[in-house]
Amino acid sequence: MDLQGAARPPREIDASGLPMDQAQALVLDELRALTERAEPFAAVLLMPAPPEGRTPAATATATATASGTASASATGEGAASGTSTADRVRTLKSIRPGLTAYCRGLAFVAPSDIPAERAEAIHSGEQLWGCPTTATQDVTAARAWAGARVRP
């Protein structure tokens, strides 16, 4: 079967059952693998609910960008997974050129059973990721958005 020239369907990365730090590490690992293929892609990222009382990612992203650093999220250290926030930041910085070159879009999906303001905490913008992003609590909408991003 000849797939040359055919767009791949969006990659779905399900991190919804993991603690946030492990979810972020998984997403970054999967995105690294996708960028290493050196082919256009889009991804649907099924994320866990952010911890209560955390600063929304948009605020943390603006702060991180203003200070010249990147933050994969607004959550703290990832001691449980063995992946620190600093490690995730380094990973994101290392894959951002590949994301800019090959990623056509990242659709972040928050659990549908949490308040919208908490759902917003999973979303980080294009400035952080280097590619278009969207956030929703509707996985069908996320799949449609990502699919439209990879169609010729």
Side-chain angles (χ1 to χ4, degrees), residues 3-50 54-75 78 81 83-112 114 116-152:
L3 293 178
Q4 200 166 5
R8 290 181 183 256
R11 174 66 187 261
E12 196 160 299
I13 302 169
D14 187 354
S16 60
L18 299 173
M20 186 58 80
D21 61 323
Q22 291 177 14
Q24 292 165 346
L26 172 68
V27 165
L28 290 171
D29 287 346
E30 292 288 327
L31 291 177
R32 179 195 330 248
L34 288 168
T35 61
E36 288 172 352
R37 287 184 182 167
E39 299 174 353
F41 72 90
V44 175
L45 313 172
L46 305 176
M47 301 299 292
R54 295 290 187 176
T55 305
T59 303
T61 300
T63 303
T65 303
S67 68
T69 61
S71 171
S73 83
T75 64
S81 69
T83 304
S84 71
T85 299
D87 289 339
R88 291 190 302 270
V89 168
R90 280 190 291 276
T91 299
L92 178 56
K93 283 182 176 183
S94 73
I95 68 172
R96 189 181 296 127
L99 290 172
T100 300
Y102 302 113
C103 181
R104 301 300 179 249
L106 300 175
F108 293 86
V109 182
S112 60
I114 63 171
E117 57 275 2
R118 283 194 57 221
E120 291 171 13
I122 67 152
H123 181 244
S124 301
E126 183 172 342
Q127 187 172 7
L128 177 69
W129 292 99
C131 61
T133 64
T134 191
T136 182
Q137 290 180 280
D138 180 347
V139 71
T140 302
R143 288 175 181 145
W145 181 88
R149 307 289 307 170
V150 292
R151 282 190 205 104

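In this text the structure is predicted, and so the values were computed from the model without any measurement.
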Task: Closest heavy-atom pair and its distance - Ala23, Ala15 - done: CB-CB, 3.5 Å

Task: Non-hydrogen atoms of Phe41 and Val150 that approach each other most closely - done: C-CG1, 3.7 Å

Task: Atom pair CD (Glu30) and CD1 (Ile95), whose distance is rounded to the nearest 0.5 Å - done: 11.0 Å

Task: Expected output: side-chain Thr100 to main-chain Gly130 donor-acceptor under 3.5 Å - done: yes

Open item on the list: Under the side chain to side chain contact (heavy atoms under 4.5 Å, CB included) test against Met47, which residue among Asp14, Leu18, Val27, Val109 passes?
Closed with: Val27

Open item on the list: Quick check: closest heavy atoms across Thr136 and Ala142, and the distance to 0.1 Å?
Closed with: CG2-CB, 3.7 Å

TODO: With rounding to the nearest 0.5 Å, note down the distance linking OG1 in Thr134 to CH2 in Trp145.
DONE: 5.5 Å

Task: Any Arg32 side-chain heavy atom under 4.5 Å of Ser94 side chain - done: yes

Task: From CG (Leu92) to OG1 (Thr85), nearest 0.5 Å - done: 12.0 Å

TODO: Output the distance between atom CG (Leu28) and atom CG (Asp87), rounded to the nearest 0.5 Å.
DONE: 10.5 Å

TODO: Please check if the side chain of Arg96 supplies one atom and the backbone of Leu128 the other of a donor-acceptor pair under 3.5 Å.
DONE: yes

Task: Closest approach of Ile114 to Ala49 (non-hydrogen atoms, all atoms of both residues) - done: CG2-CB, 3.9 Å

Open item on the list: Quick one, Leu34 and Cys103 - any side-chain contact, counting heavy atoms below 4.5 Å?
Closed with: no

Open item on the list: Tell me which one of Leu26, Thr91, Leu106 satisfies side chain to side chain contact (heavy atoms under 4.5 Å, CB included) with Leu31.
Closed with: Leu106

Task: Nearest-0.5 Å distance, CZ of residue Arg8 to CZ of residue Arg37 - done: 4.5 Å

Open item on the list: Please report the interatomic distance CD(Gln127) to OG1(Thr133), rounded to the nearest 0.5 Å.
Closed with: 11.0 Å

Task: Least distance between heavy atoms, Pro132 atom then Arg149 atom - done: CG-NH2, 2.9 Å

